[in-house]
Amino acid sequence: MVMKVRLNCFEVVLPFKVPFTTSFGTQAERRALVFRLEADGVVAHSECVTDAGPYYSYEDNSTAVHIIVDHLARHIMDLPQPEVFMERVGAIKGHNMAKAALEMLLWDYHSRVSGRPLHEYLGASKGYADVGISIGMDDVSKVLSRVEDALKRGYRRIKVKIERGREHEILGAIRQVYPDITLTADANCDYSLSDLELLKSLDKYNLQYLEQPLDHDDLIDHAKLRKQVSTPICLDESITSPDKARKAIEVGAADVINIKPGRVGGLLNSLRIARLARDAGLHVWVGGMLETGVGRAFNVAFASNTLVDYPGDTSPNDKYFERDIVKNPFKMTEGRIRPNTGPGTGVEVDVDYLITVTAKMTRVI
Ligand code: OSB
Ligand code: MG
């Protein structure tokens, strides 16, 4: 019997409650690629973590659509298991965000078919994810009030974005008011080794870690920096695959890894990276890419895994959006989010609203 498979890609635009500023720019909205698979009555969804432009990584929405439509989609026609799909597309170089979108779609599909929630289907789950917040750059007074608000809401760690020249202003102001909170800073690649003295001067803030201070694909300079500072180094952009994680561990480039399933080719690679890292004594947490409720559910499921030991960037949906494209947004209690209990990601997509916010729809299969 031939299965009828349909795959559509919705490019949706959701405005943020608060524009999000990092060292590489300001985003006022999330422009997301949301995938909807229909196969013999089973409906699965996923999201590609790319954005409109190639500023976080070289991939963007256009390259992802191109790679998915022209090279990846033909490999999911028979709905293979995620590991089979990843083997089939192994000869395609890079484009791990595009691959992840279909890999995670297959995880949602297969866990829905099995009737089990994704976080259990993935293996040892704690049943909850510890949650931290990622606060963008803004006037220091606004950053401080967002920190205060986040602490009141019960977030388990505060991460703030920094950039070259604003690090002491932002971190100094926070530490003056909150000398003891769990605090981290994310530079999104804004420094180089010629800023060594400046980076050393951040040690006094007693950060839990400094995230991705140097270039997006660098490992060697991070390893050099790590020997010169007492602040633990966390890699985000640099870790695009299990092989990159292995090399980072081998050269001593990191103490901590921020795993984003959407950046590393999906959940199988995320589990592999988490195992490599934890076996080598590194800490692991789950980052985010300002996802809609569809992508968020995969991050929450993975963040519930016992391999993940630090709070992640998986805030509840209402941190980002007035209204999300899901009917069952996550709620945070005592700094924790519980993954959905329904089959797969458990996400119930609000199809009417999804269509309302769709800028473009592409039939993939
Ligand atoms: O570096 O972790 C990052 C958002 C967009 C691109 C890169 C990053 C981020 C965040 C926000 O820090 C994470 C989130 O809340 O989803
Ligand atoms: Mg980061």
Side-chain angles (χ1 to χ4, degrees), residues 14 16-32 47-61 97 100 129-138 143 146-147 150 153 155-163 170 183-191 207-218 222 232-240 248 254 256-264 283-300 302-303 310-321 324 329-330 332 335 337:
L14 285 186
F16 291 130
K17 282 181 170 177
V18 177
F20 193 76
T21 300
T22 65
S23 62
F24 61 82
T26 298
Q27 281 174 263
E29 63 193 22
R30 167 87 179 125
R31 197 167 265 271
E47 177 172 342
C48 188
V49 299
T50 49
D51 191 47
Y55 297 100
Y56 169 81
S57 86
Y58 70 87
E59 294 188 77
D60 70 12
N61 286 342
M97 293 182 177
D130 286 327
V131 182
I133 193 169
S134 177
I135 297 174
M137 281 183 287
D138 213 323
V143 173
R146 282 177 200 139
V147 171
R153 285 173 196 265
Y155 280 99
R156 287 171 182 254
R157 70 92 166 102
I158 304 293
K159 152 174 155 183
V160 288
K161 296 291 186 178
I162 57 167
E163 68 183 354
I170 296 166
L183 180 65
T184 77
D186 188 356
N188 287 107
C189 316
D190 209 39
Y191 298 84
L207 302 177
Q208 189 181 33
Y209 49 80
L210 173 63
E211 184 174 341
Q212 195 73 32
L214 308 178
D215 204 41
H216 73 104
D217 66 350
D218 169 75
H222 279 104
I233 299 297
C234 172
L235 291 181
D236 172 353
E237 284 89 332
S238 287
I239 307 299
T240 49
V256 183
I257 299 179
N258 164 356
I259 303 178
K260 297 177 183 173
R263 184 194 68 229
V264 302
H283 299 281
V284 160
W285 56 278
V286 180
M289 291 292 286
L290 311 169
E291 287 94 336
T292 76
V294 171
R296 189 162 306 283
F298 291 90
N299 294 343
V300 169
F302 176 54
Y310 273 4
D313 283 345
T314 56
S315 283
N317 314 51
D318 66 2
K319 183 226 170 195
Y320 309 87
F321 311 111
D324 204 338
F330 291 109
M332 179 172 76
I337 287 180

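Counting starts at 1 for both ligands and their atoms, in listed order.
- Within ligand 1, the atoms closer than 4.0 Å to a non-hydrogen atom of D313 are 12 (O), 13 (C), 14 (C), 15 (O), 16 (O), numbered from 1 in the order shown.
- V284 is not listed as a side-chain neighbour of Y310, based on a closest heavy-atom distance of 4.5 Å or more.
- Considering both main-chain and side-chain atoms, L290 comes within under 3.5 Å of ligand 1 through a nitrogen or oxygen pair.
- Among all heavy-atom pairs drawn from P311 and R156, the shortest one is CG-CB, 3.9 Å.
- Environment of CZ in R146: crowded, with over 12 heavy atoms of neighbouring residues, nucleotides or ligands closer than 6.0 Å.
- Counting only heavy atoms from C-beta outward, the side chains of L210 and I162 approach each other to under 4.5 Å.
- If you look at D236 next to ligand 1, the close heavy atoms, those under 4.0 Å, all belong to the side chain.
- Distances below 4.0 Å separate heavy atoms of K161 from the following atoms of ligand 1: 1 (O), 2 (O), 3 (C), 8 (C), 9 (C), 10 (C), 12 (O).
- Among all non-hydrogen protein atoms, the one lying nearest atom 1 (O) of ligand 1 is N188 ND2, 2.8 Å.
- When side chains are defined from C-beta on, H222 counts as touching S238, because their heavy atoms get closer than 4.5 Å.
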### Pair R30-Y320, side-chain contact (heavy atoms from CB on, under 4.5 Å): steps then yes or no
CA-CA 9 Å; R30 167 87 179 125; Y320 309 87; over 6 Å; no
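- Neither the backbone nor the side chain of T22 comes within 4.0 Å of ligand 1, counting heavy atoms alone.
- Protein N/O/S atoms closer than 2.8 Å to the Mg ion (ligand 2): D186 OD2, E211 OE2, D236 OD2.
- Protein heavy atom at the shortest distance from atom 15 (O) of ligand 1 is Y320 OH, 2.6 Å.
- Contact check for Y56 versus K260: side-chain heavy atoms found under the 4.5 Å cut-off.
- If you check each of Q212, K260, M289, R296 against atom 3 (C) of ligand 1, the one with the closest non-hydrogen atom is K260.
- With values rounded to the nearest 0.5 angstrom, S315 atom OG is found 11.0 Å from N299 atom CG.
- Side-chain N or O atoms of R296 include one that pairs as donor or acceptor with a backbone N or O of E291 at under 3.5 Å.
- With a heavy-atom cut-off of 4.0 Å, I133 does not touch ligand 1 at all.
- In this structure, Y209 has its ring center closer than 6.0 angstrom to the ring center of W285.
- In terms of heavy atoms, F16 sits closest to Q27 at CD1-O, 3.5 Å.
- Comparing S315, G312, G288 by heavy-atom distance to atom 13 (C) of ligand 1, the nearest is G288.
- Set against the non-hydrogen atoms of S134, the atoms of ligand 1 under 4.0 Å away are 10 (C), 11 (C), 12 (O).
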